[in-house]
Amino acid sequence: MPAVTFNATVELALNYIGIFVFAISGALLAVHKNYDIVGMTVLAEITAIGGGVLRDLILGATPPASFTDSVTFLLPLVAAALTFFIHQRMGRIQAAVLVFDAAGLALFCVTGTTKALAYHMGPVEAIALGALTAVGGGIMRDVLANEQPAVLRADSELYAVPAVLGAALVVILQRFTLYNPVTAAITIALVFALRMAALRYGWRAPHPRQRTPNPSAPSAGA
């Protein structure tokens, strides 16, 4: 697979936007959990950089970009401070968390896949790393906040699936040399729209069929 051709400035801008919106989702969850400013900062940071750090460690891009670029590390602090002062103007907290989380999911599945392809990962590996970048920070955020991660909840609307589809679309576009800032923006919009539609209409991934209990079978205590 040929190397990815993509405007580095645009990619960096998308990454910064993803970091900022993901950080806000983490800070808003901290508000919802009634955490103090320290708790808000921790959740904002881990949500914003967690997936990217995991991706970079797997790629061997060490130290991870979050620890070599001060803007990447400071943006979540700005997001936490902003949320601290204006969270009451963001409407319902839980709904705001979901919207900002969906935005971060869409942005990071694109930038994560782009970086994996730049490191000459195969298509399957690039899709996996793109999805990991998108959902990794959210999983860490939920675990730290004592919440079951959305990707593991039985009643969760589509979460990882939009990220995987977005990452796959990036790979396909790159394969046919159609990957550019415009198609990247379209991919981000599609992933965001799919996640929001899943939340709106309750779309969920298929579940395995449950076994029908056999009334004639002996009970465990028999």
Check against side chain to side chain contact (heavy atoms under 4.5 Å, CB included), Asp56 and Lys115 | CA-CA 9 Å; Asp56 289 350; Lys115 185 163 186 176; 3.0 Å; yes
Heavy-atom pair with the smallest gap, counting every atom of Val171 and Pro123 | CG1-CB, 3.6 Å
d(Ile17 CD1, Leu12 CG) to nearest 0.5 Å is 10.0 Å
Can you check whether Leu117 reaches Val170 side chain to side chain, under 4.5 Å on heavy atoms?
-> yes
Distance, nearest 0.5 Å, that separates CG of Leu14 from CG of Leu107 = 6.0 Å
Taking Ser156 for the side chain and Ala150 for the main chain, is one N or O donor matched with an acceptor at less than 3.5 Å?
-> yes
Minimum heavy-atom separation for Gly166 to Cys109, with atom names?
-> CA-SG, 4.1 Å
Any chance CG of Asp36 has more than 12 other-residue heavy atoms, nucleotides or ligands included, within less than 6.0 Å?
-> yes
Going hydrophobic residue to hydrophobic residue with side-chain gaps under 4.5 angstrom, can you get from Ile172 over to Val164?
-> yes
Are the aromatic rings of Phe108 and Phe22 close, with centres under 6.0 Å apart?
-> yes
Could Glu147 and Arg141 be called an ion pair, given the rule that one side-chain N must be under 4.0 Å from one carboxylate O?
-> no
Decide side chain to side chain contact (heavy atoms under 4.5 Å, CB included) for Leu54 and Met140; before the verdict, give the C-alpha distance in whole Å, the side-chain angles of both, and the deciding distance to 0.1 Å.
-> CA-CA 11 Å; Leu54 289 175; Met140 294 180 186; 3.4 Å; yes
Specify the closest pair of heavy atoms between Val53 and Ser66, including all atoms of both residues, with the distance to one decimal.
-> CG2-OG, 4.0 Å
Are any of the side-chain heavy atoms of Leu29 and Met40 separated by less than 4.5 Å?
-> no
Treat each ILVMFWY residue as a node, draw an edge where side-chain heavy atoms are under 4.5 Å apart, and state whether Val182 and Phe176 are in one component.
-> yes
First locate atom CG of Leu173, then atom OG1 of Thr187, and finally report the distance between them rounded to the nearest 0.5 Å.
-> 5.0 Å
Which distance, rounded to the nearest 0.5 Å, do you find between the NZ of Lys33 and the CG of Leu43?
-> 9.5 Å
Could you tell me whether the side chains of Thr114 and Tyr179 share a donor-acceptor contact shorter than 3.5 Å?
-> yes
Taking atom types as modelled and ignoring hydrogens, do the side chains of Tyr16 and Asp69 form a donor-acceptor contact shorter than 3.5 angstrom?
-> yes
Heavy atoms, side chains only, cut-off 4.5 Å: are Leu169 and Val191 in contact?
-> no
Can you tell me if Thr183 uses its side chain to pair, donor with acceptor, with the backbone of Leu178 under 3.5 Å?
-> yes
Over all atoms of both residues, closest heavy-atom pair of Leu105 and Pro162 = CD2-CB, 4.4 Å
When rounded to the nearest 0.5 angstrom, what distance separates OG1 in Thr47 from CG in Asp142?
-> 8.0 Å
Report yes if some heavy atom in the side chain of Ile24 is under 4.5 Å from a heavy atom in the side chain of Val21; otherwise report no.
-> no
Gln88 CD to Thr83 OG1 distance, which is reported to the nearest 0.5 Å = 12.5 Å
Step-by-step side chain to side chain contact (heavy atoms under 4.5 Å, CB included) determination, Ile139 to Val151 | CA-CA 8 Å; Ile139 291 174; Val151 294; 3.8 Å; yes
Smallest heavy-atom separation, Tyr35 atom then Leu144 atom, equals OH-O, 4.2 Å
Which heavy atom in Pro76 sits nearest to a heavy atom in Ala23, and how many Å separate them?
-> CA-CB, 3.6 Å
Could you pull out all residues at least two apart from Phe73 that satisfy ring-ring contact (aromatic ring centres under 6.0 Å, His included)?
-> Phe67
Should Ile186 and Val110 be regarded as members of a common hydrophobic cluster, given that ILVMFWY residues are connected when their side-chain heavy atoms come within less than 4.5 Å of each other, either directly or indirectly?
-> yes
Quick one: do Leu190 and Ile188 end up in the same hydrophobic cluster if we chain Ile, Leu, Val, Met, Phe, Trp and Tyr together by side-chain heavy atoms under 4.5 Å apart?
-> yes
Sub-4.5 Å side-chain heavy-atom contact between Leu129 and Thr113 | no
Sidechain-backbone polar pair: Arg204 side chain, Gly202 backbone, donor-acceptor under 3.5 Å | yes
Would you say Phe20 and Ile37 are hydrophobically clustered, going by side-chain heavy atoms of ILVMFWY under 4.5 Å?
-> yes
With a cutoff of under 4.5 Å between side-chain heavy atoms, which Ile, Leu, Val, Met, Phe, Trp and Tyr residues group with Met196?
-> Leu98, Val99, Phe192, Leu199
Short question: side chain of Arg195, backbone of Leu158 - any donor-acceptor pair under 3.5 Å?
-> yes
